[in-house]
Number of protein chains: 2
Amino acid sequence: MGAAMDNVLVRRIGSVIALDGAERDVLARLTAAAEAVPPRTGLSDDGDDGTGPVLVLLEGWAIRCRSLPDGRRQVTDLVLPGDPVGLYGGLAGRPGEGLETLGPARVARLDPWLLPALLHDRPRLALALLHLEAVGTGILAERLFSLGRRTALERLGHLLLELDHRLERVGLAEGGRFSLPATQEVLADLLGLSIVHVNRTLRQLREAGLLETAGSGIVLPDRPALARRAQFDDAYLHPHGLSPAAEERALERLRAR
Amino acid sequence: MGAAMDNVLVRRIGSVIALDGAERDVLARLTAAAEAVPPRTGLSDDGDDGTGPVLVLLEGWAIRCRSLPDGRRQVTDLVLPGDPVGLYGGLAGRPGEGLETLGPARVARLDPWLLPALLHDRPRLALALLHLEAVGTGILAERLFSLGRRTALERLGHLLLELDHRLERVGLAEGGRFSLPATQEVLADLLGLSIVHVNRTLRQLREAGLLETAGSGIVLPDRPALARRAQFDDAYLHPHGLSPAAEERALERLRAR
DNA sequence: CGTCGTGTTGAACCTTATCAAAATATGTGG
DNA sequence: CCACATATTTTGATAAGGTTCAACACGACG
């Protein structure tokens, strides 16, 4: 059980629903066969039989990105430890979208058809995975908002607060302190800004006393103030959908069949 | 069967997998109880028991959007006829995200727990629905790319071509002609531009001979040229994931349990 | 010790936003 | 069916936020 508690996937899913011992074991076993991945390595184009991989990131960070022939690049998603990637990879491996590690990482490869099987054997876990996927879509939509309607400073502040929340959930951030292993170029491609402007905006945040940096170390000394400045509302990270009552109802329906 | 053929949901899902008669019937029955919705009506905040609605748009257009207290608004998604909305609504009703009809619409309300039940009874339909959801996420990611890295003209051209493709799939566009029942304000909020600039950019497209407009009528006289100008590649709309072979394998696994 | 990736800063430029106002639909009540 | 009010489209002038180009600093690494 100690081992299961240390598993990031267990922590991630455990932040959504309460897990019992058997469920922790299933998750721990799923991610037992982890494999080390070197920095800046692509992970997407190596599906065994064209179905594409389904992965869980256990350590390190990764990005999802698309590029244009003329060099323009957009990072569409940051993948953090404990995040499952491409849950429906086998159903729609998004073409042109690459998955790439930022630093050294550890990854577990899952059966692409895990979800249907899990819905049968462990419906609570399957529902939790669908929940995670829905939260991911919400994060994507919120980033769309940032790129469409927020200023550079708001975008950056919003991102930092989002990361703080997401990392805290898996025990990788505490009191507004965490490590951000991404270059300013990655941040620029994530936020739709130029590298230069990311740099200036970071300085602005520092001068406003809302950010401290030391290498890859990040400190947010006054999160409420930053949230006000960046129009950040964490509601989109904690959807209310999976209430115990609703969950129980869903499971009833499944069993009734 | 004639009735089933006329059903937009049947056409939409039929563009993903080949449907047999029984499956068409199931889909037709699911969307039989349609309800008329007036223009500019919100559809999101009326979940029966907090689980939120799961809808299929049968006629008319709708938008998904989020707003900030200061009035800034971002349209995160355009919902077209045949598109299911909030497939996991019961799992994660994205808070702060409203669904609103543009013109008069017809909508079918579904059981929020349709998906698990369908996975058991009609796994092929369930897989197709998951596929649709994945395509939707791909569209979201592509729009993120637009807002982050494309110019106003590219964004608009890209959107028009995307709509042409999506509408053609359900028989609502032909030869680059379709109806776009959205004001320039909606387009602006969708593309992260100001109304004024949307207007100017539309003029630019018209002057370049890439667009003709007449009221809500849209004509794209030279789609290849527009695609070149807007860096449009339709691959993201036709993911390769659901090959007949992969589908068969998935179904085998489901049955084996 | 030189090279490469990353971070940092300045100055000129440009795309797009904002403000303002007119022209054209669209709708509504009498 | 008209007259009015309202929403939408269109155009001009000005300003801001962000990009681009250029140069330099710094540390890691062979």
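Owing to the predicted nature of the structure, the values given are computational and were not obtained by experimental measurement. Order of the sequence lines sets the chain letters (A, B, ...), proteins ahead of strands, with each chain counted from 1.
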_Of the options D/dG18, C/dT6, C/dA11, whose atoms approach the side-chain atoms of A/Arg40 most closely?_
C/dT6

_Point-to-point distance, once rounded to the nearest 0.5 Å, from CG of A/Leu80 to CD of A/Glu59_ = 13.0 Å

*Using atom CZ of B/Arg73 as one end and atom P of C/dA17 as the other, report the distance to the nearest whole Å.*
15 Å

_A/Arg149 (side chain) donor-acceptor with B/Arg73 (main chain) under 3.5 angstrom_ = yes

_Rounded to whole Å, how long is the line connecting atom CD of A/Gln204 with atom C1' of D/dG18?_
12 Å

*Distance in angstrom units between A/Arg206 CZ and C/dG7 P, rounded*: 11 Å

*Ignoring hydrogens and geometry, is there a side-chain-to-backbone donor-acceptor pair from B/Thr151 to B/Glu154 under 3.5 Å?*
yes

*Are any side-chain N or O atoms of A/Thr101 and backbone N or O atoms of A/Pro38, one a donor and one an acceptor, separated by less than 3.5 Å?*
yes

*Assign the ring pair B/His158 / B/Phe232 to parallel, tilted or perpendicular, where the plane angle (0 to 90°) is split at 30° and 60°.*
perpendicular

*Would the number of heavy atoms belonging to other residues, nucleotides or ligands and lying under 6.0 Å from CD of A/Glu174 be above 12?*
no

*asked:* Before you tell me yes or no, could you show the steps for B/Leu144 and A/Leu140 under side-chain contact (heavy atoms from CB on, under 4.5 Å), namely the whole-Å CA-CA distance, both residues' side-chain angles and the distance that decides it to 0.1 Å?
replied: CA-CA 8 Å; B/Leu144 198 72; A/Leu140 209 56; 4.3 Å; yes

*Any Lys/Arg nitrogen of B/Arg106 or B/Glu35 sitting under 4.0 Å from an Asp/Glu carboxylate oxygen of the other?*
no

_Length of the NE2-C1' vector between B/His197 and C/dC14, whole Å_ = 11 Å

*Just by protein heavy atoms under 4.0 Å, how would nucleotides 24-30 of chain D read 5' to 3' in B, S and -?*
-------

*Between the two ends of the helix from C/dC1-D/dG30 to C/dG30-D/dC1, what is the bend in degrees, rounded to 10 degrees, where each end axis spans five pairs?*
40°

_Using the rule given for side-chain contact (heavy atoms from CB on, under 4.5 Å), can you reason through B/Leu78 versus B/Trp61, listing the C-alpha separation, both sets of side-chain angles and the distance that settles it, and then say yes or no?_
CA-CA 7 Å; B/Leu78 270 179; B/Trp61 289 32; 4.2 Å; yes

*Can you tell me how far P of C/dA17 sits from CZ of A/Arg150, to the nearest Å?*
17 Å

_Measure CG/B/Leu156 against C1'/C/dT16 and give the value in whole Å, please._
14 Å

*Give me the residues of residues 178-195 of chain B where at least one heavy atom lies under 4.0 Å from an atom of DNA chain C, by number, or none.*
B/Gly192, B/Leu193, B/Ser194

*Could you check which of C/dC19, D/dG18, C/dG10 has an atom nearest any side-chain atom of B/Val196?*
C/dC19

_D/dT9, OP1 or OP2 - any side-chain N/O from B/Asn199 closer than 4.0 Å?_
no

*Start with the C-alpha gap between B/Glu212 and B/Arg177, add the side-chain angles, then the distance that decides, and say whether salt bridge (Lys or Arg N to Asp or Glu O under 4.0 Å) holds.*
CA-CA 9 Å; B/Glu212 292 159 27; B/Arg177 297 163 175 274; 5.6 Å; no

*asked:* Using only modelled atom types and a 3.5 angstrom limit, is any donor from either the side chain of A/Arg200 or the base of C/dG7 paired with an acceptor on the other?
replied: no

*Calculate the interatomic distance between A/Leu147 atom CG and C/dA17 atom P; express it in whole Å.*
14 Å

*Quick one: label A/Arg149 by what it contacts on the DNA or RNA (base, sugar-phosphate, nothing), any heavy atom closer than 4.0 Å.*
nothing

_Chi angles and distances behind the side-chain contact (heavy atoms from CB on, under 4.5 Å) call for B/Arg229, B/Leu205_ = CA-CA 10 Å; B/Arg229 192 78 182 69; B/Leu205 282 173; 5.7 Å; no

*Below 4.0 Å: OP1/OP2 of D/dT10 and any side-chain N or O of B/Arg203*: no

*Evaluate salt bridge (Lys or Arg N to Asp or Glu O under 4.0 Å) for A/Arg11 paired with A/Glu168, printing each intermediate quantity in order.*
CA-CA 11 Å; A/Arg11 286 209 299 275; A/Glu168 207 162 46; over 6 Å; no

